[in-house]
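Take a look at the structure below.
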Amino acid sequence: MTPSIHDSVLNLKGVGKASAEQLQKLGIGTIEQLIDTFPYRHEDFRLKNLAETPHNERVTIEGRVESEPSVLFLGKNRSRMQVRLLAGNHLIKAVFFNQHYLKDRMSIGATITVTGKWDRGRQVINVSNFNMGPKADQADFEPVYSLKNVMHQKTFRKYMRQALDLCVNEMEDALPVSLREAYMLPAIGEALEMVHFPKSPVDVKQARRRFVYEELLEFQLKMIYLKNKRKEDERGTQIDYDLDRLKAFISSLPFELTGAQKRVVNELCAEMKSPVRMNRLLQGDVGSGKTVVAAIALFGAITASFQGALMAPTEILAEQHADSLSEWLEPFGVTIAFLSGSTKSKTRKIILEQLSKGEIDLIIGTHALIQPDVEFAKLGLVITDEQHRFGVEQRRVLREKGLSPDVLFMTATPIPRTLAITAFGEMDVSILDEMPAGRKKIETYWLKEDSLLPVLQKMEKELQAGRQSYVICPLIEESDKLDVQNAVDVHAQLTAHFAGRYTVGLMHGRLLPAEKDEIMRDFSDGKIDCLVSTTVVEVGVNVPNATFMLIYDATRFGLAQLHQLRGRVGRGADQSYCVLLADPKNEEGKERMQSMTETNDGFLLAEKDLELRGAGDFFGRKQSGMPEFKMADLVHDFRALETARKDAEDMLASTAFWTEDAYAKLRTNLKKSGALSQERID
Ligand code: ADP
Ligand code: MG
């Protein structure tokens with residue numbers, strides 16, 4: 001009986017227990033899983049004309065053996081074998097390393113095919129791949145799979161060939177015919193053949209187009225589906241805020257809101273008032289004034305007799321928020337409490353009790369807010385600052401403490417539009433794209449690493465004027481491998497340099513949270529003049545008196561991160577400076593440094609970063625919750641992404657699509673693609 005795609009790979013000829021186990025190591029158990037394992041590249045074995053092949057280029061030729069192979073043994077299992085081949089009218093030498101066992105198969109007059117680097121001067125091919133027969137026996141393109149050394153490519157290809165021959169007709173096409181035809185995409189069976197065993201580079205390209213589109217479409221369907229589902233969900237919280245009190249509060253602020261802040265406040269208010277559950281991302285560059293927007297929304301919830309929660313990733317940030325919000329909101333009769341890991345247990349007990357009785361309107365804190373014993377009387381709105389530092393799980397726990405509170409995530413990491421609609425496709429997005437008036441642009445300079453002395457003189461000038469400075473280093477301690485400045489060394493050097501004049505502090509990720517907070521507080525209180533730090537200082541900290549930042553080895557940071565770091569200065573009324581020390585080795589590095597000196601606009605820099613480094617590196621590893629695609633590349637396939645987004649919207653809007661059948665199929669496909677199992681928010 002013919003096996004089905006859902007059967008085990010054991011049904012394939014030649015796959016025994018041992019090979020099945022090896023395949024299992026690659027996550028392949030069924031024939032379908034085998035077929036779904038795509039090659040990451042293809043080897044090109046098309047014949048080339050030697051006369052037209054440049055020196056050192058890889059080439060495949062077919063040739064007739066013209067001499068007995070000569071073998072030179074080079075020690076244990078190592079050998080060099082040389083044979084003369086006539087390829088067309090070229091008489092060349094082919095050199096094989098450690099393959100003298102082939103000797104007997106190369107009798108004079110035999111035709112063989114070899115691939116390798118062409119040494120034009122010496123007329124030698126250094127063979128990396130061979131076929132003891134004519135080219136006709138070998139495919140023009142061979143897939144190369146990521147097999148982690150568990151199995152030979154050749155064996156894997158043999159299984160793949162069989163699997164496709166047996167089962168390809170059974171594969172269901174998840175793409176509606178109408179879309180396939182509209183974009184001229186190959187059907188599933190054809191596309192699988194093209195990706196595994198292409199006849200030409202065009203095949204690979206066509207297959208790729210299809211799979212990229214399919215992947216993005218499924219992803220967008222899932223995102224929009226989740227978004228629609230949330231909007232239909234009646235269980236959301238309706239927050240009927242008191243408009244007059246809200247207006248009174250806004251006019252009490254020491255500044256006028258920017259246009260962007262007004263717009264975002266309106267967006268938030270409209271959504272709070274509706275019964276739809278808010279699940280919104282507020283993006284705003286460092287210094288764009290997110291905190292006050294959060295305060296307004298929280299006050300709105302409080303005027304409607306709900307409680308609010310504001311959560312920050314570090315104690316010091318939470319404290320800063322508590323300070324600002326107390327100053328603004330306490331005059332309006334709002335009761336505010338602060339809760340963190342270092343809150344004394346007696347105080348904590350009292351706070352928890354008041355919170356559960358509804359005697360506290362607003363709680364501000366760290367992860368301590370989401371401990372199991374923290375209960376709210378009537379939680380209406382939860383805001384988290386710097387959302388990417390919080391795990392999905394933590395957000396869920398916090399949200400489940402109320403009925404279905406509205407949730408707002410704030411982030412200062414500017415995310416290019418492409419990534420925003422992808423990573424946060426199921427959320428609504430508000431953007432603060434305007435800086436409060438009167439902000440001075442941070443003057444940014446890029447200098448070679450040997451110009452440290454004048455930089456230190458400039459820094460000292462700022463310190464003399466009573467200002468403070470940051471010095472950022474990529475690593476904590478000296479490392480043999482990387483020649484980068486490290487915080488410990490730099491701290492020692494600067495301590496010596498400024499001895500008797502200025503205090504130099506040291507901050508890095510290996511310190512305990514309490515130690516970090518203490519150092520940050522000393523810096524904030526002006527007890528430390530110059531703070532040497534790794535990137536732990538990155539998020540949110542506000543020390544307006546700091547006006548100078550020096551960043552060592554700036555090429556080691558991404559643009560988005562450099563921008564975040566730079567945002568620690570320029571927070572007060574005084575002119576601030578940022579100096580990047582960097583000797584970039586390539587054009588990309590130079591371009592990054594150049595961009596930093598040219599603009600203070602985080603969104604522009606983010607776009608640039610994405611363009612220069614690709615989506616994978618954009619957020620740094622794993623931290624982001626960014627979806628991982630099998631084929632699609634968010635930068636390269638930007639257009640496909642937008643098209644897929646639109647098609648997904650149309651599909652979900654059309655009732656014709658929503659037959660039971662189509663729906664079931666969509667779900668199956670989504671499940672298969674892993675899209676549903678990695679739901680990010682719910
Ligand atoms: P971020 O968006 O980086 O969190 P903050 O909320 O910390 O920015 O705001 C940065 C500074 O700008 C704060 O001192 C804040 O009080 C001030 N600020 C916020 N909005 C305005 C405004 N509309 N006009 C003037 N200053 C403002
Ligand atoms: Mg902030």
Side-chain angles (χ1 to χ4, degrees), residues 246-247 249-268 280-299 308 310-331 362 364 366 383-390 408-415 429-442 467-468 470 520 523-524 537-547 549 560-576 578 600-603 605-606:
L246 207 53
K247 277 184 171 164
F249 169 57
I250 292 172
S251 49
S252 80
L253 290 168
F255 43 73
E256 160 110 22
L257 294 185
T258 64
Q261 283 171 324
K262 286 181 192 161
R263 192 190 67 236
V264 169
V265 164
N266 282 332
E267 285 167 5
L268 297 181
R280 186 174 283 271
L281 179 75
L282 172 56
Q283 279 195 62
D285 210 342
V286 266
S288 59
K290 293 183 291 295
T291 318
V292 70
V293 170
I296 295 168
L298 288 164
F299 184 58
L310 175 59
M311 187 157 73
T314 65
E315 181 143 354
I316 182 140
L317 260 183
E319 268 176 30
Q320 285 183 353
H321 283 328
D323 287 347
S324 309
L325 270 69
S326 303
E327 193 185 318
W328 291 330
L329 288 170
E330 273 173 359
L362 173 58
I364 299 175
T366 57
I383 300 185
T384 72
D385 196 11
E386 302 306 343
Q387 69 86 217
H388 62 285
R389 294 275 169 118
F390 279 105
L408 178 69
F409 306 100
M410 304 198 293
T411 176
T413 309
I415 302 166
V429 180
S430 287
I431 298 182
L432 283 179
D433 49 6
E434 186 184 343
M435 286 288 167
R439 263 314 140 67
K440 289 201 179 75
K441 182 174 179 286
I442 301 164
R467 313 259 183 272
Q468 289 161 283
Y470 291 99
M520 224 36 241
F523 187 59
S524 185
V537 80
E538 191 177 338
V539 170
V541 181
N542 192 23
V543 182
N545 191 45
T547 54
M549 175 173 283
Q561 200 179 10
L562 283 173
H563 179 68
Q564 285 280 305
L565 286 167
R566 179 171 61 179
R568 299 307 106 223
V569 296
R571 303 178 78 83
D574 303 298
Q575 178 60 53
S576 289
C578 176
N600 268 346
D601 183 331
F603 282 93
L605 288 170

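Scope of the values below: all heavy atoms of this structure, side chains included, with no hydrogens, waters or symmetry mates. Ligands are counted one by one from 1 in listed order, and the atoms in each one are counted from 1 as well.
At a threshold of 4.0 Å, the pair Lys262-Glu267 does not count as salt-bridged, since none of the basic side-chain nitrogens sits closer than that to a carboxylate oxygen. Between Asp574 and Arg467, at least one side-chain nitrogen of the basic residue sits less than 4.0 Å from a carboxylate oxygen of the acidic one, meeting the salt-bridge criterion.
Rounding to the nearest 0.5 angstrom, the gap separating the CZ atom in Phe299 from the CD1 atom in Ile250 is 9.5 Å.
Checked against a 3.5 angstrom limit, the closest N/O atoms of Val286 and ligand 1 fall outside it. Checking only distances, Val292 never comes within under 3.5 Å of ligand 1, N or O to N or O. Backbone and side-chain nitrogen or oxygen atoms of Trp328 are examined, and none is located within less than 3.5 angstrom of a nitrogen or oxygen of ligand 1.
Within ligand 1, counting atoms from 1 as listed, the ones closer than 4.0 Å to a heavy atom of Arg571 are 7 (O). Within ligand 1, the atoms closer than 4.0 Å to a non-hydrogen atom of Gly289 are 1 (P), 2 (O), 5 (P), 6 (O), 8 (O), 9 (O), 19 (C), numbered from 1 in the order shown. Below 4.0 Å from some heavy atom of Leu257 lie the following atoms of ligand 1, by number and element: 23 (N).
Within the structure, the closest approach of Gly284 to ligand 1 does not fall below 4.0 Å when heavy atoms are considered. Ligand 1 is approached by Glu256 to a heavy-atom distance shorter than 4.0 Å.
Heavy atoms of Met410 found under 4.0 angstrom from ligand 1: none, in either backbone or side chain.
Thr411 and Gln283 share no side-chain donor-acceptor pair at under 3.5 Å. Defined by atom type and a distance below 3.5 Å, a donor-acceptor pair is present between the side-chain atoms of Asp285 and His563.
A 4.5 Å side-chain heavy-atom check between Thr366 and Met311 finds every atom pair outside the cut-off.
With atom 7 (O) of ligand 1 as the reference point, the heavy atom nearest to it among Thr258, Leu317, Thr291 is part of Thr291.
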(request) Check the pair Asp433, Arg263 against salt bridge (Lys or Arg N to Asp or Glu O under 4.0 Å), reporting the backbone distance first and the verdict last. (result) CA-CA 10 Å; Asp433 49 6; Arg263 192 190 67 236; 3.7 Å; yes
